[in-house]
> 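Have a look at the structure that comes next, please.
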Amino acid sequence: MASVTSPYAMTLTLNVLNHLGINLYSNVPAVISEVVANAYDADAETVNIQIDSGAGTITISDDGCGMTASEVNERYLCVGYQRRDKQQALTPRFQRPVMGRKGIGKLSLFSIARVIEVFTTKNGERCAFRMRVADIQAQIDDLDSGKYYPEPIPAEYPDDLTQGTRIILRDLKKDLRNVAAGLRKRTARRFSIIGSEYNFQVFIGGREVTATDRDYFHKAQFLWIYDQDPEASFVTDRCTNAEEQTIRNPVNLPEGQIRGWIATAFNPKDLKDEGEQISRVTLMVRGKLAHENLLEEVKESSIFESYLFGEIHADFLDHDDAQDIATSSRQRIVEDDPRYLALVEWFSAQVRSIGSRWTELRNKKGTATALLNPHVKAWFGTLEGDTKKRAERLFGKINQLTLDSPKERAELLAHSILAFEVLRYRDNLDAIEELDVEDLPALKVLFSNIEDLEAVMYHRIADQRLKVIEKLQQHIDDNVLEKVLQAHLFDNLWLLDPSWERATDRTMEEGIGRAFANITENLPKEVRDSRMDLRYKKISGAHVIVELKRYSVVTKSIDLYTQVDKYRNALLLHLRQAGRGDERVECVCVIGKDPSDWSDEDGRGKSEKLLKTIDTRIVKYEELLANARYSYKEYLEQDEKTTYLRKLLTSLADDGGF
């Protein structure tokens, strides 16, 4: 130790309060927590917090041991007072491990209030004084002074305070309208020793703060607990929505014991609460928050971490006979302390392990959810072996994404299956398999460009249908037989009408006698022996009979009427006999040349009226081709552009680049 005659001297001024008190904290819950912790250390059983928005005050009263005048000066007003010595490591009445240590927590009051009033009583002795930030700042400016003298206010001592301490915060720096709403929840989240079971109850506005006020237990989908009863049951009883729970014993490191729990939410949005992000795992020491988020220490960040929340308890970080590990704000830990590094190493390993298990569970859940759709289930049933496993992993990835609505999830599922099918067609399922869920930008690119994948499938369909159209044109040009046209249309009913391709019960070259055996005896021989070119049933329930003529054949409307009417009457009679007489029957005549009677005066109009009486209409082959080409007009136009581009790219590739 240096001699007192040394020419050097260290001095401390009140300016230290600017760093340790006035600017120490940034939010009201953190400040109130320090007052609650002091009440706990004072062996209080109850703490009452009252917020008066009208008066702009916060009042915190406790029924603890209180203070005498000498204790006020020697402890409360002594900045840096060492709370824990061998005689005070445990509270005298309830033997509670003391939370306070540095003796600077009470300075946090200056962070939110410009005026602080303290009333306390012990053994019948009353003390009351007022501190003003403005007076302290003035004293700080007086560099010759290292002391500040609070203003005594004994005349204002409240009569109802017969035991303990009351602190009134006035002239607040914060708007109380936003404080009152969230204080209960945030106070509950900052302490794990609040409740009748701990003989320490906190009331805000006359209503008790309980563990339920933490308001996140119900958000747990999967739960991992590192504790024994009754603490384990305390958590499981509140996580009522958890689908799977894993309970393990407390973890014993060489440095000390770790308890607590880690959970994953159903959706990251569940962990955004009134502007406060609760996707974090808090570190609790001696029942009070010591570090707001241990996830900050995990080096491998991923989308999975946005689902995580929980509480880890590590009292060994604050042994009485070891160096203080907390920072001045009491909201973080000195990060290079070996005890803390050991905790972080264990925690990081747990997060990785939970992440792997979470992925398995989400894959399983995602598959189960996807298969609730019968169409998805039917599609999934067509897959086998490794392809099916890849689909399960795809469902799991979809299940990990944050989606706004069931509709958005359904759309993503539909697009994903389409992408899966296209890539399977290209023998490139690795493109989905290798896509990490964490790589959100890449995921967005894949699904935001799903139109490109749809275009691939559309290209295949359109290309095939263009060939069908051209084939029909060739048949017409070659004036092929009716049977050839019949087969071509039978295989491609969409040529007649896009909606007809969803037809059922379709038949070709069907004999009347065989088709309607139940009424054969009621039909003339020439009708029984006749054959319908095409017959099918629409999804709507209507029956359609198609009569085809060779392209070069010229017929008359009355001949078409006579021929189609016998088919129609036979079908109607068949339906009536079967008790289905209410089902509609339509007829279509497909021809190449105009009926000869159309050249008569108003011949076309008379023809339409005649045929309409038996629900029949005429369609010409040119109309089929024109309608089909119009349906794919946009594709044809785009195909001309892509053909040019394809030639350009091919030529560049052949030339070896630029």
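Because only heavy atoms are used, hydrogens play no part in the values below, and waters and symmetry mates are left out as well, while side chains stay in. Along the sequence shown, residues carry numbers from 1.
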> Which heavy atom in Gln50 sits nearest to a heavy atom in Gly205, and how many Å separate them?
OE1-CA, 3.8 Å

> Would you sort out whether Arg190 and Glu292 count as a salt bridge (charged side-chain N to carboxylate O under 4.0 Å, His left out), showing the intermediate values?
CA-CA 9 Å; Arg190 287 178 171 272; Glu292 292 190 337; 3.2 Å; yes

> Flag the pair Ile60 / Ile32 as yes when at least one side-chain heavy-atom distance between them is below 4.5 Å, and no otherwise.
yes

> Any sub-3.5 Å donor-acceptor pair from Thr68's side-chain atoms to Glu71's backbone N or O?
yes

> For the side chain of Lys122 and the backbone of Cys65, is there at least one donor-acceptor N/O pair under 3.5 Å apart?
no

> I want to know whether Trp261 and Phe234 have ring centres closer than 6.0 Å.
no

> Decide if atom NZ of Lys365 counts as having more than 12 heavy atoms of other residues, nucleotides or ligands within a radius under 6.0 Å.
no

> Check whether the side chains of Ser233 and Asp229 place a donor and an acceptor atom closer than 3.5 Å, and report yes or no.
yes

> Starting at CZ of Phe222, measure out to CD of Gln245 and round the result to the nearest 0.5 Å.
12.0 Å

> For the pair Ser353 (side chain) and Ala349 (backbone), establish whether a donor and an acceptor sit closer than 3.5 Å, ignoring hydrogens and angles.
no

> Rounded at 0.5 Å granularity, tell me how far OG in Ser306 sits from NZ in Lys269.
12.0 Å

> Look at the aromatic rings of Tyr40 and Phe200 and report parallel, tilted or perpendicular, splitting at 30° and 60°.
perpendicular

> Between Asp160 and Arg166, is there a salt bridge with N-O shorter than 4.0 Å?
yes

> Taking atom OH of Tyr198 and atom CZ of Arg96, what is their separation to the nearest 0.5 Å?
12.5 Å

> In the structure I gave you, are the side-chain heavy atoms of Ile49 and Val202 within less than 4.5 Å of one another anywhere?
yes

> Backbone N or O of Arg93 within a donor-acceptor pair of the Asp43 side chain at under 3.5 Å?
yes

> What distance separates Phe309 CZ from Leu271 CG, expressed to the nearest 0.5 Å?
6.0 Å

> Locate the shortest heavy-atom distance separating Ala263 from Leu223; write the atom from each residue and the value.
CB-CD1, 3.9 Å

> How close do Phe191 and Ala37 get, counting heavy atoms only, and between which atoms?
CZ-N, 4.0 Å

> State whether Glu243 and Lys364 are salt-bridged, where the test is any N-O pair (Lys NZ or Arg NE/NH1/NH2 against Asp/Glu carboxylate O) under 4.0 Å.
no

> Would you say the side-chain atoms of Asp63 pair up with the backbone N or O of Thr46, donor to acceptor, closer than 3.5 Å?
yes

> Decide whether Gln350 and Tyr226 meet the rule of one side-chain donor and one side-chain acceptor closer than 3.5 Å.
yes

> Show, in sequence, the C-alpha distance, side-chain angles and deciding distance for Val209 and Phe203, and conclude whether the side-chain contact (heavy atoms from CB on, under 4.5 Å) test is met.
CA-CA 6 Å; Val209 177; Phe203 296 83; over 6 Å; no

> Would Lys219 and Asp270 count as a salt bridge (charged side-chain N to carboxylate O under 4.0 Å, His left out) if you check the C-alpha gap in whole Å, the side-chain angles of each, and the deciding distance to 0.1 Å?
CA-CA 7 Å; Lys219 300 179 180 184; Asp270 296 339; over 6 Å; no

> In the structure I gave you, are the side-chain heavy atoms of Arg75 and Met67 within less than 4.5 Å of one another anywhere?
no

> Under 3.5 Å, side chain of Asp213 to main-chain N/O of Ala188, donor-acceptor pair present?
no

> Can a donor-acceptor pair be found, under 3.5 Å and without considering hydrogens, that links the side chain of Arg189 to the backbone of Arg214?
yes

> Do you know which two heavy atoms are closest between Ala232 and Ile247, and how far apart they sit?
CB-CG2, 4.3 Å

> Can you tell me how far the CD1 atom of Ile225 sits from the SG atom of Cys239, to the nearest 0.5 Å?
6.5 Å

> Heavy atoms, side chains only, cut-off 4.5 Å: are Ile167 and Thr59 in contact?
no

> Apply side-chain hydrogen bond (donor to acceptor under 3.5 Å, both in side chains) to Glu151 and list each qualifying residue two or more places apart in sequence or on a separate chain.
Arg130

> Can you list everything that forms a side-chain hydrogen bond (donor to acceptor under 3.5 Å, both in side chains) with Thr264? Sequence neighbours excluded, please.
none

> For Glu305 and Ser279, what are the C-alpha separation, side-chain angles and deciding distance, and is it a side-chain contact (heavy atoms from CB on, under 4.5 Å)?
CA-CA 8 Å; Glu305 290 181 18; Ser279 58; over 6 Å; no

> Measure the acute angle between the ring planes of Tyr157 and Phe119, then classify it against the limits of 30° and 60° as parallel, tilted or perpendicular.
perpendicular

> Using 0.5 Å steps for rounding, measure from the CG atom of Leu109 to the CD1 atom of Ile58.
9.5 Å

> Go through Ile258 and His313 one step at a time and tell me if the side-chain contact (heavy atoms from CB on, under 4.5 Å) criterion holds.
CA-CA 6 Å; Ile258 298 173; His313 298 255; over 6 Å; no

> Which atoms form the tightest heavy-atom contact between Gly287 and Ile193, and what is the distance?
O-CG1, 3.6 Å

> Looking at Thr91, is its backbone amide N or carbonyl O close enough to the side chain of Gln95 to form a donor-acceptor pair, meaning the two atoms are under 3.5 Å apart?
yes

> Could Asp315 and Arg286 be called an ion pair, given the rule that one side-chain N must be under 4.0 Å from one carboxylate O?
no

> Looking at side-chain heavy atoms only, is the closest gap between Asn363 and Glu360 below 4.5 Å?
no

> How are the rings of Trp358 and Tyr307 set relative to one another: parallel (under 30°), tilted (30 to 60°) or perpendicular (over 60°)?
tilted

> Under the criterion side-chain contact (heavy atoms from CB on, under 4.5 Å), which of Val251, Thr282, Ile262 is the partner of Ile312?
Ile262

> Testing the basics here: between Arg248 and Thr246, what is the closest heavy-atom pair and its distance to 0.1 Å?
NE-CG2, 3.7 Å

> Check whether any side-chain N or O of Glu125 sits under 3.5 Å from a backbone N or O of Ala69 as a donor-acceptor pair, and report yes or no.
yes

> Counting distance only, does the side-chain N/O of Asp52 pair as donor-acceptor with the main-chain N or O of Gly56 below 3.5 Å?
no

> State whether Arg259 and Glu311 are salt-bridged, where the test is any N-O pair (Lys NZ or Arg NE/NH1/NH2 against Asp/Glu carboxylate O) under 4.0 Å.
no

> For residues Arg114 and Lys173, determine if any side-chain heavy atom of one lies less than 4.5 Å from a side-chain heavy atom of the other.
yes

> Side chains of Leu341 and Leu343, heavy atoms from C-beta outward: is any pair under 4.5 Å?
no

> Pair Val281, Phe347 - check side-chain contact (heavy atoms from CB on, under 4.5 Å), show working.
CA-CA 10 Å; Val281 178; Phe347 178 71; 3.8 Å; yes

> With side chains defined as the heavy atoms from C-beta onward, is the minimum distance between Glu297 and His291 less than 4.5 Å?
yes

> When you check the gap from the basic side-chain N to the acidic O, do Lys288 and Glu34 get nearer than 4.0 Å?
yes

